[in-house]
Amino acid sequence: MEHRHLGRTGLRVSRIGLGTLTWGRSAEGPDESEAAEQLKTFWEAGGTLVDTADVYGGGEAEYLLGQLIGGLVPRRDLVIATKSGSVRAADRRVDGSRGHLLAALDDSLARLGTDHVDLWQVHAFDPATPLEETLQALDLAVSSGRARYAGVVGFSGWQLAKSATWQLAAPGVRTRLASAQMEYSLLQRGVEREVLPAALDLGVGLLPSSPLGRGVLTGKYRDGATPAGSRGASPTMAGFVEPYLEETASGIVDAVATAAQGLAVTPLQVALAWIRDRPGVVAPIVGARTSAQLSEALSVEPLTLPEEICRALDDVSAPVHRYPDHDWSTL
């Protein structure tokens, strides 16, 4: 698998990442043996970037990954990325304080069974904590050796630009942001308004989450179908899929299916190749229920979409960008 630099850093990662959002969830996610098979399949295909978080499965995703590192796959062959900052408290959903973040990182390292993570990400912007305090936690994590690189997740355009600029203001003292993880797919191109331009300008690599439109771009939900075992059929995950089952999304899914038929590939491969090769994208993060699903995603490696197919998909999925995103004189 081809590798790419993560933003304007020396860290290289596989251009497809393995996501573990559903690991540790007994109903929706893979069990230990299936997770092991996925990790082995990913590693054997040349994959290195494995993305997790301290809240995935209530910490079980990190723990499960930690059990597989070393014995199944050499630690040195993986780029382990985790996240801290999301909390499940009655009075708050995000805690970006320095104390919470560093304590959460220590807990993550214990579950993962390693002395460092390769990429540590702030899971969400915390408006109740001064931004410089949140960012100082990244600096402390890197300077102490507990993290090698740092990134953010779910930051808006101005939040990303402010954070990245703050870090760049003291080179050698503050840790530059390597990455921003955001939902991005043919069904969700909102990052192209401000987040992506900021990332490109500041040298921050984009890690798209849900690159298959929460599974909808595979075509499995076409014509009102809800396959057994899919997220759409899960009581806890159906609401996650539902926003992308409306009429506009259906037209985009149909276009992807038409392109796939013409290229003699699958809709999954078309949708994943499109997002993988977008400007600024480093590595889409792909989650799978089975190793067979993961293998299909990894089979996209040799596929490059023809320019005319890319233009057609760009057109059919184009978001509406008006003032102030476009020059006012053209409106």
Side-chain angles (χ1 to χ4, degrees), residues 4-11 13 17 49 51 53 81-86 93-98 100-101 118-143 147-185 188-211 275 277-285 318-331:
R4 294 169 171 171
H5 284 278
L6 187 61
R8 212 165 290 160
T9 74
L11 178 63
V13 301
L49 177 62
D51 181 74
T82 196
K83 315 177 192 72
S84 305
S86 288
R93 299 294 301 276
V94 180
D95 189 345
S97 66
R98 180 175 56 244
H100 171 78
L101 290 175
D118 301 285
L119 176 65
W120 187 42
Q121 305 159 94
V122 177
H123 208 161
F125 182 82
D126 181 6
T129 299
L131 181 60
E132 57 269 26
E133 179 181 335
T134 296
L135 296 174
Q136 188 187 37
L138 299 178
D139 300 333
L140 290 170
V142 172
S143 64
R148 298 294 191 254
Y149 294 87
V152 296
V153 179
F155 277 35
S156 68
W158 74 264
Q159 292 163 356
L160 174 61
K162 183 177 181 180
S163 301
T165 302
W166 176 266
Q167 294 302 97
L168 290 170
V173 178
R174 298 175 189 158
T175 301
R176 75 174 301 146
L177 295 185
S179 65
Q181 188 172 148
M182 299 288 293
E183 184 168 354
Y184 186 22
S185 73
Q188 180 52 271
R189 295 176 61 182
V191 299
E192 294 177 5
R193 293 181 57 132
E194 294 191 351
V195 174
L196 184 55
L200 287 168
D201 184 68
L202 292 161
V204 177
L206 195 66
L207 299 175
S209 59
S210 295
I275 190 67
D277 295 334
R278 296 294 287 175
V281 167
V282 176
I285 306 298
V320 178
H321 288 176
R322 297 194 177 98
Y323 180 84
D325 303 296
H326 285 177
D327 180 3
W328 67 270
S329 66
T330 66
L331 302 178

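Reckoned from all heavy atoms, side chains included, excluding hydrogens, waters and symmetry mates.
Side-chain N or O atoms of R4 include one that pairs as donor or acceptor with a backbone N or O of V281 at under 3.5 Å. Within the 3.5 Å criterion, the main-chain N or O of L6 finds a donor-acceptor partner in the side chain of T9. Put simply, the side chain of S179 never gets that close to the backbone of L206: no donor and acceptor are under 3.5 Å apart. A donor-acceptor pair under 3.5 Å is absent between the side-chain atoms of R176 and the main chain of Y149, judged by distance alone.
Exactly one residue among V152, L177, L207, T82 makes a side chain to side chain contact (heavy atoms under 4.5 Å, CB included) with Q121. That residue is L207. Across I275, I285, V282, a single residue satisfies side chain to side chain contact (heavy atoms under 4.5 Å, CB included) together with P208, and that is I275.
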### Message
Would E133 and S97 count as a side-chain contact (heavy atoms from CB on, under 4.5 Å) here? Give the steps.
### Response
CA-CA 7 Å; E133 179 181 335; S97 66; 3.6 Å; yes
### Task
Run the numbers on Q181 and K83 for side-chain contact (heavy atoms from CB on, under 4.5 Å), then give the verdict.
CA-CA 10 Å; Q181 188 172 148; K83 315 177 192 72; 3.5 Å; yes
### Message
Set out, in order, the CA-CA distance, both residues' side-chain angles and the distance that settles side-chain contact (heavy atoms from CB on, under 4.5 Å) for L131 and F125, then state yes or no.
### Response
CA-CA 8 Å; L131 181 60; F125 182 82; 3.9 Å; yes
### Task
Take W120 and L101 through the test side-chain contact (heavy atoms from CB on, under 4.5 Å) and record every step on the way to the result.
CA-CA 10 Å; W120 187 42; L101 290 175; 3.8 Å; yes
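Here E192 contributes atom CD and M182 contributes atom CE; the two are 11.5 Å apart, rounded to the nearest 0.5 Å. Here the OG atom belonging to S209 is positioned 5.5 Å from the CD atom belonging to E183, to the nearest 0.5 angstrom.
For the pair A283 and L49, the tightest heavy-atom approach, listed with the atom from each and the gap, is CB-CD2, 4.0 Å. Between P211 and S185, the shortest heavy-atom contact is O-CB, 3.3 Å. Shown here for G96 and T129, the closest heavy-atom pair between the two residues is O-CG2, 3.6 Å. Taking each heavy atom of V204 and A180 in turn, the nearest pair found is CG1-N, 3.5 Å. When every heavy atom of G280 is checked against every heavy atom of L200, the shortest pair comes out as CA-CD2, 3.5 Å. Residues A53 and H123 share a closest heavy-atom pair of CB-CE1, 3.8 Å.
Between R189 and R278 the shortest side-chain heavy-atom distance falls below 4.5 Å. Annotation: side chain of R174 is not in contact with side chain of L138 (no heavy-atom distance under 4.5 Å). Inter-residue side-chain proximity for L11 and V13 is flagged as met; some heavy-atom pair is nearer than 4.5 Å.
Screening residues 163-173 for side-chain hydrogen bond (donor to acceptor under 3.5 Å, both in side chains) gives D139-Q167 as the qualifying pairs, with residues at least two apart or on separate chains.
With sequence neighbours excluded, the residues that form a side-chain contact (heavy atoms from CB on, under 4.5 Å) with S156 are W158, Q159. Under the side-chain contact (heavy atoms from CB on, under 4.5 Å) criterion, A124 pairs with V94, not counting sequence neighbours.
With respect to R8 and D201, no salt bridge is recorded, no charged nitrogen being found less than 4.0 Å from a carboxylate O.
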